Number of protein chains: 2
Amino acid sequence: MAATLRDVALRAKVSVRTVSNVVSGYEHVSAQMRARVERAIEELDYRPNPVARTLRTGRTGVLALVVPEIDVPYFAELAREVITAAADVGYRVMIDQTGHDHDRERELLTGGDRGMLFDGVLFSPLVTRAELLAMQESRSMPLVLLGEHEFDGRYDHVAIDNVQAAHDATAHLLAIGRTRIAAIGAQPQEDYATPQQRTAGYERALRAAGMTPAEDYLRPAVHYSRADGYQATRELLERAERPDAIVCYSDLLAMGALRAIYDAGLRAPEDVAVIGVDDIEEGRYSRPSLSTVSLDTPFIAREAIARITARIADPETPAVQVTAPHTLVVRESTEGRSPDLGR
Amino acid sequence: MAATLRDVALRAKVSVRTVSNVVSGYEHVSAQMRARVERAIEELDYRPNPVARTLRTGRTGVLALVVPEIDVPYFAELAREVITAAADVGYRVMIDQTGHDHDRERELLTGGDRGMLFDGVLFSPLVTRAELLAMQESRSMPLVLLGEHEFDGRYDHVAIDNVQAAHDATAHLLAIGRTRIAAIGAQPQEDYATPQQRTAGYERALRAAGMTPAEDYLRPAVHYSRADGYQATRELLERAERPDAIVCYSDLLAMGALRAIYDAGLRAPEDVAVIGVDDIEEGRYSRPSLSTVSLDTPFIAREAIARITARIADPETPAVQVTAPHTLVVRESTEGRSPDLGR
DNA sequence: TTGTAAGCGTTATCAC
DNA sequence: GTGATAACGCTTACAA
């Protein structure tokens with residue numbers, strides 16, 4: 001049986017209060033008391049029970065990170081950074097997957113079952129804005145939204161400038177002389193912010209170049225997966241007017257696109273240039289290596305942790321939005337440049 | 001302020017005992033009592049506090065999954081399956097990263113700080129067996145080891161037959177006529193089980209074919225990363241006696257190898273065949289697509305959850321070892337076959 | 001079947 | 001500076 005505070009107190013012949021003081025690093029404890037208590041702790045191999053502490057303090061030391069699927073490289077890389085950043089400030093991270101399930105997403109957001117298990121939630125949502133508003137009704141728990149751009153002053157956001165990111169990707173394709181530029185990742189049926197914003201950026205870049213976005217060059221993708229990218233690209237390549245470039249709304253879509261282009265007997269970038277968004281490591285090793293818009297995941301993670309801890313400390317902290325920087329990374333899939341992999 | 005059991009009791013004019021009975025689905029509650037209580041619960045939007053429940057019952061409903069790095073695709077895919085399998089039986093999953101840090105691994109294993117935060121730990125270790133034995137000293141918490149092969153009867157194992165897996169990969173290269181077969185992923189400095197077993201399988205297959213494993217064909221890799229695979233392959237290709245095939249101890253290493261072969265102006269599989277271990281999705285879309293030894297991740301996850309829940313229910317359950325099935329998957333990187341990606 | 005009350009292991013409010 | 005002691009919200013003997 002594990003030793004408790006009381007056991008230590010008995011052994012050290014002091015009160016539990018004193019032991020608690022020593023354990024939680026209280027200042028005003030005499031040196032000899034401290035020594036006595038520490039010996040008893042040592043002897044009994046005492047370790048504080050975090051559950052009891054939580055019941056008393058209301059703090060769990062745990063954050064929830066909610067993502068659609070943890071094995072999507074972008075989310076895996078984000079999770080890694082988040083876990084690391086959280087550990088730096090003494091937090092652990094619990095990961096929940098929504099699996100693209102609206103109901104599950106809502107349940108996680110309203111805290112359906114999870115009561116006081118977390119001190120805060122980092123949410124990378126698919127959910128619509130309208131639905132988010134409804135969430136507001138629910139019991140409030142510190143919440144930071146990741147990746148959304150729209151900001152309504154209600155929640156902290158660590159945003160990505162999706163419009164600009166997609167614009168930059170498209171503008172790069174235009175700059176290298178492409179004229180039939182398709183896009184993969186739209187979700188016309190749904191009210192999701194990310195695909196809408198990326199489509200807006202894509203179309204804005206085309207219009208700025210005096211081009212009219214062609215309806216059938218805008219391909220939907222449900223899961224932003226390799227399979228989605230593969231399938232959508234196949235369809236695009238069957239068009240009479242075959243595109244000479246594709247903007248993929250995620251690197252994973254782009255990986256599928258590259259393979260589809262190869263399977264069709266075509267070359268990237270010569271026949272079809274491809275660019276993605278995210279900058280996952282996979283794209284640095286693929287053939288061709290993938291041009292992309294790099295999102296600063298460490299920044300997002302650090303900022304998310306900073307926001308959530310601030311809100312936990314003071315729930316009345318006004319909600320703020322920070323936008324993560326992004327940069328265009330040109331690799332072989334658009335310009336034939338070699339990556340720098342030699343160490 | 002969140003409503004408590006007592007609030008509900010007061011409102012429904014019943015005892016807390018009755019409310020608790022209703023909440024935890026106790027059988028013998030009269031219909032009218034139940035109705036009354038449920039109305040009060042509804043009105044107060046009451047939700048049980050899991051922390052208080054945990055303090056009382058000793059069960060947290062949380063499992064820890066400990067992996068080196070969550071953004072390594074194999075672990076990400078495993079985590080996905082584990083989280084799903086855990087959710088099916090009412091468990092949540094906390095993810096901890098050891099980051100290849102021995103001390104951190106030991107700390108997580110001995111439960112350094114985490115006291116009673118988890119009901120059990122699923123551990124995918126790098127740690128040596130000798131060190132594992134020492135862990136035994138520590139306070140016991142239900143533990144299931146993932147991926148290790150050695151079984152000492154002390155812990156539950158969901159094992160991979162690493163020797164056989166590496167053997168099968170090597171045998172396949174021999175079967176397609178390769179004679180200068182290198183391996184990447186050994187860790188001669190360390191006492192890690194996985195690389196040792198895979199090297200054993202590699203060497204056994206070579207010997208069975210009447211060949212002598214060449215020392216300088218066995219390349220170390222510390223992190224099993226793309227970068228490690230790239231670097232090791234570069235070095236191999238500089239050898240006077242250039243290998244015509246490479247067994248990579250992980251698919252990620254193989255992705256780096258493929259890129260290095262391409263950068264060296266060589267072709268896979270014509271000049272150098274490559275095979276990995278894991279069967280991550282990335283390898284189905286790479287160019288060339290990657291031959292590999294497929295590990296049954298869903299099986300591992302399901303079995304791990306089954307073992308840990310059994311041990312939580314009865315700590316005296318004898319430790320067992322189950323071995324996950326693996327299968328050779330032949331793709332372009334060894335035999336030029338096309339993958340089947342069209343849906 | 002339902003009520004009363006004793007903890008679970010902490011922290012925090014009092015005194016001294 | 002240290003010692004009693006009352007919560008934190010729940011489950012569960014033990015009674016009724």
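Chain naming here is simple, since letters A, B, ... match the order of the sequence lines and numbering starts at 1 in each. These figures come from a predicted structure and were not determined experimentally.
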Considering every strand and a 4.0 Å limit on heavy-atom distances, what is the contact class for B:Arg53: base, sugar-phosphate, or nothing?
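Here B:Arg53 touches the backbone only, sparing every base.
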Specify the separation, in whole Å, of atom CG of A:Leu55 and atom P of D:dC8.
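Spelled out: CG on A:Leu55 to P on D:dC8 is 9 Å.
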Could you tell me the separation between the NZ atom of B:Lys13 and the C1' atom of C:dT2, rounded to a whole number of Å?
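Computing the B:Lys13:NZ to C:dT2:C1' distance gives 17 Å.
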Side chains of A:Arg53 and A:Asn49: any donor to acceptor distance under 3.5 Å?
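Absent: no donor and acceptor within the cut-off.
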Nearest whole Å is fine: how far is C:dA6 P from B:Arg17 CZ?
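Atom-to-atom, B:Arg17 to C:dA6, this comes out as 16 Å.
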Flag this pair as yes if the NZ/CZ of B:Arg17 is under 6.0 angstrom from the six-membered ring centre of B:Tyr26 and inside a 45 degree cone about the axis; otherwise no.
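Cation-pi check for B:Arg17 and B:Tyr26: passes.
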Find the distance B:Asn21:CG to D:dT12:P and express it as a whole number of Å.
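After rounding, the gap between these two atoms is 10 Å.
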Count the heavy atoms belonging to other residues, nucleotides or ligands that lie under 6.0 Å from CZ of A:Arg39, then report whether that count exceeds 12.
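At most 12 heavy atoms, drawn from other residues, nucleotides or ligands, come within 6.0 Å of this atom.
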Between C1' of D:dA7 and CG of B:Asn49, the distance in whole Å:
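It works out to 14 Å between those atoms.
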Rounding to an integer number of Å, can you tell me how far B:Leu5 CG sits from C:dG3 P?
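The distance from CG of B:Leu5 to P of C:dG3 comes to 12 Å, rounded to the nearest Å.
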Check the phosphate of D:dG9 against B:Thr4, side-chain N and O only, distance under 4.0 Å to OP1 or OP2. Yes or no?
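It does not, given that no N or O in the side chain of B:Thr4 lies less than 4.0 Å from OP1 or OP2 of D:dG9.
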Can you tell which of C:dT10, D:dG9, D:dT2 lies closest to the side chain of A:Pro48?
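In terms of side-chain proximity for A:Pro48, the closest of C:dT10, D:dG9, D:dT2 is C:dT10.
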Just do the salt bridge (charged side-chain N to carboxylate O under 4.0 Å, His left out) check on A:Arg307 and A:Glu303 with the steps written out, would you?
CA-CA 6 Å; A:Arg307 297 317 313 158; A:Glu303 204 59 39; 5.1 Å; no
Take A:Tyr155 and A:His157, measure what ring pair (Phe, Tyr, Trp, His ring centres under 6.0 Å) needs, and give me the verdict at the end.
CA-CA 6 Å; A:Tyr155 305 101; A:His157 283 227; 7.2 Å; no
Nearest-Å distance, OH (B:Tyr26) to P (C:dT2)?
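My rounded result for the distance is 10 Å.
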Measuring to OP1 and OP2 of D:dG3, would you say a side-chain N or O of A:Thr18 lies under 4.0 angstrom away?
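True: A:Thr18 side-chain N/O within range (under 4.0 Å) of D:dG3 OP1/OP2.
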Do any side-chain nitrogens or oxygens of B:Ser15 fall under 4.0 Å of OP1 or OP2 in C:dT2?
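Indeed not, no polar side-chain atom of B:Ser15 lies that close.
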Kindly say whether, by distance alone, the side chain of A:Arg56 makes a donor-acceptor pair under 3.5 Å with the base of D:dA7?
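Yes, a donor-acceptor pair under 3.5 Å.
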Are any of A:Ser20's side-chain N or O atoms less than 4.0 Å away from OP1 or OP2 of C:dT11?
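It does, given that an N or O in the side chain of A:Ser20 lies less than 4.0 Å from OP1 or OP2 of C:dT11.
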Upstream residue (5' side of DNA chain C) when A:Val16 and B:Met33 are each assigned their closest nucleotide:
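This one resolves to B:Met33.
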For C:dT10, does OP1 or OP2 lie under 4.0 Å from any side-chain N or O of A:Ser24?
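So the side-chain polar atoms of A:Ser24 never come under 4.0 Å of the phosphate oxygens OP1 or OP2 of C:dT10.
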Tell me whether the side-chain N/O atoms of A:Ser30 come closer than 4.0 Å to OP1 or OP2 in D:dT2.
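Yes, such a contact exists.
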Could you tell me the separation between the CG atom of A:Leu117 and the C1' atom of D:dC10, rounded to a whole number of Å?
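To the nearest whole Å, that distance equals 14 Å.
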C:dT10 base / A:Arg6 side chain donor-acceptor hit below 3.5 Å:
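No.
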Within the 4.0 Å heavy-atom criterion, would you say A:Val23 contacts the bases, only the backbone, or no part of the nucleic acid?
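A:Val23: no heavy atom of the nucleic acid under 4.0 Å.
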